[in-house]
Number of protein chains: 2
Amino acid sequence: MSLAHAILGFLREQAMTGYELKTLCFDHDAQHFWTADQAQIYRTLEGLEKRGHVTSRVKRQRSRPDRKVYSITPAGVEELDRWAATPAPLPPLRDPFLIQLRFADRLSDEDLLHIVRERRSAMQQRLDILRARAAEEAKGAGRDAILHRLTLGAAMSDARSTIDWLDGTLETLSDLIEQEHPTEPGTQSRLFARRTDERGSTS
Amino acid sequence: MSLAHAILGFLREQAMTGYELKTLCFDHDAQHFWTADQAQIYRTLEGLEKRGHVTSRVKRQRSRPDRKVYSITPAGVEELDRWAATPAPLPPLRDPFLIQLRFADRLSDEDLLHIVRERRSAMQQRLDILRARAAEEAKGAGRDAILHRLTLGAAMSDARSTIDWLDGTLETLSDLIEQEHPTEPGTQSRLFARRTDERGSTS
DNA sequence: CACAAGTATATGTGAAGACATATACAATGA
DNA sequence: TCATTGTATATGTCTTCACATATACTTGTG
């Protein structure tokens with residue numbers, strides 16, 4: 001269970017509540033490699049406590065709901081290290097967009113180009129966000145900081161290469177469409193308008 | 001539900017049984033963009049039949065279990081086209097390996113390099129398989145064939161860029177380790193042995 | 001001859017994830 | 001003052017996916 005180990009990882013850095021794990025860790029730090037639901041986090045914490053990988057103590061608060069602060073146990077640390085050193089199988093290839101593309105032969109030219117362009121723009125947006133985060137966290141030469149930066153780099157490299165592939169795909173498809181029903185010069189439709197920028201935020 | 005639409009796509013090309021969908025389609029054609037369990041396929045077919053997107057008729061066989069051949073209905077075709085033209089949200093970034101890397105700061109140098117190298121080799125293997133498939137199916141200039149090749153290209157481009165990132169990561173980590181505890185010339189450990197090939201099958 | 005592999009469908013079960021909703025109170029802002 | 005936002009935990013339910021197992025007959029292999 002990956003989520004459990006991600007939680008152990010964050011708790012090893014600092015004891016925290018479920019709420020903090022969600023808002024500080026999963027919504028920011030881990031955003032580019034693991035996203036998690038609030039409900040899932042709480043239920044996973046329960047499970048970890050049952051297994052003795054974490055412990056909790058409740059802190060009373062007058063003005064707010066009580067905080068249940070979770071700490072990692074030695075058994076939890078051991079489990080995390082064991083898991084982190086065990087090569088995991090590759091995640092299965094599974095992308096709904098590629099299903100769409102695979103079976104897009106009956107789509108109109110407009111719809112076909114549209115879904116690819118939308119995909120590109122969504123990817124560009126993701127890349128922009130990643131770049132912003134990378135710029136923020138550019139400091140630190142310790143092992144931690146370097147590992148953290150490497151994971152960000154993985155996400156960025158992935159987004160970047162996907163965008164490149166989408167651009168190639170767009171060209172292939174444009175050529176195909178043009179070839180299927182050639183237009184006279186001057187009659188060229190807006191469909192084939194070239195992108196104006198290659199890398200910048202397309203927003 | 002992506003699986004349902006993938007099934008509709010294959011059935012639009014040809015009426016088939018659940019068994020054929022599994023062995024001919026999902027284990028081969030769709031291997032690089034959607035994998036599916038046999039049980040899932042059968043249950044999804046049931047659901048599609050209830051919704052009127054497919055119909056089935058049973059063919060008696062003396063020597064073998066009966067075949068239940070599924071065909072797509074007009075409603076199914078409509079649903080598929082509608083779905084294929086609707087831009088889907090990006091799949092969430094979620095990779096257990098990046099969790100491992102993010103929290104690998106307490107791993108030994110050996111373990112750290114080991115999981116990255118293992119990952120590289122698994123990716124290389126995936127890429128080799130994809131290349132073999134691309135070589136087999138290099139024919140065809142129709143829309144179908146081109147779209148199919150594009151999806152293969154997506155998977156290959158992804159694997160390739162991941163390998164590049166892993167190579168960069170390996171260098172970063174080697175440098176880091178060397179810097180943390182420098183070795184005298186001649187004492188250099190096997191840890192830092194360079195890869196012998198960049199792109200070929202590392203097997 | 002025994003055993004494995006291929007053809008074919010189906011069910012049981014459990015984990016993981018997605019989404020909604022309940023509770024409770026404080027501070028902030030329109 | 002009324003509504004929203006933030007802090008904080010918890011439960012319910014549904015879908016998707018993964019893994020195991022049952023059934024049944026045939027063909028090929030050692």
Side-chain angles (χ1 to χ4, degrees), chain A residues 1-8 15-28 30-31 33-51 54 56-70 83 88-96 99, chain B residues 1-8 15-28 30-31 33-51 54 56-70 83 88-96 99:
Chain A
M1 209 187 158
S2 298
L3 176 58
H5 292 99
I7 288 176
L8 287 177
M16 265 183 288
T17 67
Y19 184 79
E20 288 167 327
L21 277 167
K22 170 61 175 161
T23 55
L24 305 179
C25 299
F26 287 96
D27 286 351
H28 292 99
Q31 201 204 335
F33 60 80
W34 205 273
T35 55
D37 192 79
Q38 173 257 109
Q40 237 174 297
I41 291 172
Y42 281 104
R43 280 197 263 244
T44 303
L45 281 168
E46 272 179 54
L48 283 170
E49 190 162 23
K50 254 176 227 157
R51 285 187 207 169
V54 303
S56 64
R57 59 178 213 280
V58 176
K59 292 220 164 179
R60 292 281 153 73
Q61 298 193 122
R62 318 147 208 87
S63 62
R64 279 166 202 296
D66 291 349
R67 288 163 53 84
K68 204 164 168 182
V69 181
Y70 287 90
W83 177 80
L90 292 182
L93 295 165
R94 200 174 272 158
D95 186 346
I99 304 180
Chain B
M1 209 187 158
S2 297
L3 177 59
H5 293 98
I7 289 176
L8 288 177
M16 267 183 286
T17 68
Y19 184 79
E20 288 167 327
L21 276 167
K22 170 62 176 161
T23 54
L24 305 179
C25 300
F26 286 96
D27 285 351
H28 292 100
Q31 202 204 336
F33 61 80
W34 204 270
T35 54
D37 191 80
Q38 172 257 109
Q40 235 175 298
I41 291 172
Y42 281 104
R43 279 195 264 246
T44 303
L45 281 168
E46 272 180 51
L48 283 169
E49 190 161 26
K50 255 177 224 153
R51 285 186 207 170
V54 303
S56 66
R57 58 178 213 282
V58 176
K59 293 220 163 178
R60 291 280 152 73
Q61 298 191 123
R62 317 147 209 85
S63 62
R64 278 165 204 296
D66 292 349
R67 286 163 53 84
K68 203 163 166 184
V69 181
Y70 287 90
W83 177 80
L90 291 183
L93 295 165
R94 200 174 270 160
D95 186 346
I99 303 180

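Every chain is numbered from 1, with letters handed out A, B, ... down the list of sequences. Predicted model, so just to flag it, every value in this text is computed and none were measured.
- Rounded to an integer number of Å, the gap from CG of A/Asp66 to P of D/dG6 is 22 Å.
- When side chains are defined from C-beta on, B/Val58 does not count as touching B/Val69, because their heavy atoms never get closer than 4.5 Å.
- Between C/dT13 and B/Arg43, no contact under 4.0 Å exists linking OP1 or OP2 to a side-chain N or O.
- The phosphate of C/dT9 (OP1 or OP2) has no side-chain N or O of B/Tyr19 nearer than 4.0 angstrom.
- Distances shown here put every side-chain N or O of B/Thr23 at or beyond 4.0 Å from the OP1 or OP2 atom of C/dT7.
- The CZ-P distance, from B/Arg94 to C/dA15, rounds to 18 Å in whole Å.
- A/Lys68 has a side-chain polar atom (N or O) that falls below the 4.0 Å cut-off from OP1 or OP2 of D/dA10.
- You'll find the side chain of A/Lys68 stays beyond 4.5 Å of the side chain of A/Thr17, heavy atoms only.
- Distances shown here put a side-chain N or O of A/Gln61 below 4.0 Å from the OP1 or OP2 atom of D/dA8.
- Nucleotides of DNA chain C nearest to B/Pro92 and B/Asp37 differ in position, and the one nearer the 5' end is that of B/Asp37.
- Side-chain contact between B/Phe26 and B/Leu3 is present, with at least one heavy-atom pair separated by less than 4.5 Å.
- Remark: P of C/dT11 and CD of B/Gln40 are 16 Å apart, rounded to the nearest angstrom.
- Note on B/Lys22 versus B/Asp27: salt bridge recorded, some NZ/NE/NH1/NH2 to OD/OE distance being below 4.0 Å.
- Rounded to whole Å, the distance from CZ on B/Arg57 to C1' on C/dT9 is 18 Å.
- Atom P of nucleotide D/dC17 and atom CG of A/Leu3 are separated by 18 Å, given to the nearest angstrom.
- Phosphate contact (OP1/OP2 of D/dT16, side-chain N/O of B/Thr44, threshold under 4.0 Å): absent.
- The residue A/Glu46 sits close only to the backbone: its heavy atoms come under 4.0 Å of sugar-phosphate atoms, none of a base.
- Look at NZ on B/Lys22: it is 15 Å from C1' on C/dG6, rounded to the nearest Å.
- Residues A/Glu20 and A/Cys25 are not in side-chain contact: their nearest non-hydrogen atoms beyond the backbone lie 4.5 Å or more apart.
- Closest-nucleotide positions on DNA chain D for B/Gln38 and A/Ala39 were compared, and the one nearer the 5' end corresponds to A/Ala39.
- Regarding B/Asp27, its CG atom lies at a distance of 15 Å from the C1' atom of C/dA8, rounded to whole Å.
- For B/Arg60 and C/dA8, the CZ to P distance is 15 Å, given to the nearest whole Å.
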